[in-house]
Amino acid sequence: MAAPAGCSGAGAAGSVMNYLLWILRFVLFVLVLGFAVANTDPVTVHYYFGGQWQSPLIVVLLVVFCAGVALGLAVALGPMFRQRREIGELKRRLRDLAPRKSGSGDDMTKAEGGRHDGN
């Protein structure tokens, strides 16, 4: 199949990849939906001190999955904010050092006696 006029080969490959991704998403959605429909039996989750919660299995799995994602994100936020703070500090230090450098490289060659051979 030839690409339409004005389209490069990379654009056609990207379009095919886009269709494949949508097909993969649809297949994944159907699998998850089938899993959810097959697991509608009620389960009881027992807590400490006699507390319990009764709900369909898929709801319990969804709650546990979402709690795991939230906990993972919360754990990842600490290092991410530390890295952002360090990047900001390094940018400030670089900005503070920038005015000390001269605007042209000619000053450096004059200070070395006009040598341009790199030694």
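This one's a predicted model, so the numbers in the text were calculated from it and none came from an experiment.
Clustering of Ile, Leu, Val, Met, Phe, Trp and Tyr side chains at separations under 4.5 Å places Phe65 together with Val69, Leu73. Grouped with Leu24 in a hydrophobic cluster is no other residue, since no side-chain heavy-atom contact under 4.5 Å to another Ile, Leu, Val, Met, Phe, Trp or Tyr is found.
Here the side chains of Val59 and Trp53 are in contact, with some heavy-atom distance below 4.5 Å.
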Step-by-step side-chain contact (heavy atoms from CB on, under 4.5 Å) determination, Ile58 to Phe35: CA-CA 8 Å; Ile58 193 64; Phe35 183 77; 3.8 Å; yes
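In this structure, the separation between CG on Asn18 and CD1 on Ile23 is 10.5 Å, given to the nearest 0.5 Å. To the nearest 0.5 angstrom, Asp96 atom CG is 8.5 Å from Arg92 atom CZ.
Every residue meeting the side chain to side chain contact (heavy atoms under 4.5 Å, CB included) condition with Phe29, not counting sequence neighbours, appears here in chain and number order: Leu33. Applying the side chain to side chain contact (heavy atoms under 4.5 Å, CB included) criterion to Gln83, with sequence neighbours excluded, gives no partner residue. Annotation: side chain to side chain contact (heavy atoms under 4.5 Å, CB included) contacts of Leu62 (sequence neighbours excluded): Cys66. Residues satisfying the side chain to side chain contact (heavy atoms under 4.5 Å, CB included) criterion with Arg25, sequence neighbours excluded, are Trp22.
Grouping the Ile, Leu, Val, Met, Phe, Trp and Tyr side chains by contacts below 4.5 angstrom, directly or via other members, places Leu57 with Val45. Residues Tyr47 and Leu61 fall within the same hydrophobic cluster, defined by Ile, Leu, Val, Met, Phe, Trp and Tyr side chains chained together at heavy-atom separations under 4.5 Å.
Of all heavy-atom pairs spanning Pro56 and Thr40, the tightest one is CB-O, 3.8 Å.
Summarising the local packing, CE of Met17 is surrounded by 12 or fewer heavy atoms from other residues, nucleotides or ligands at distances under 6.0 Å. A 6.0 Å sphere centred on CD of Gln54 holds more than 12 heavy atoms belonging to other residues, nucleotides or ligands.
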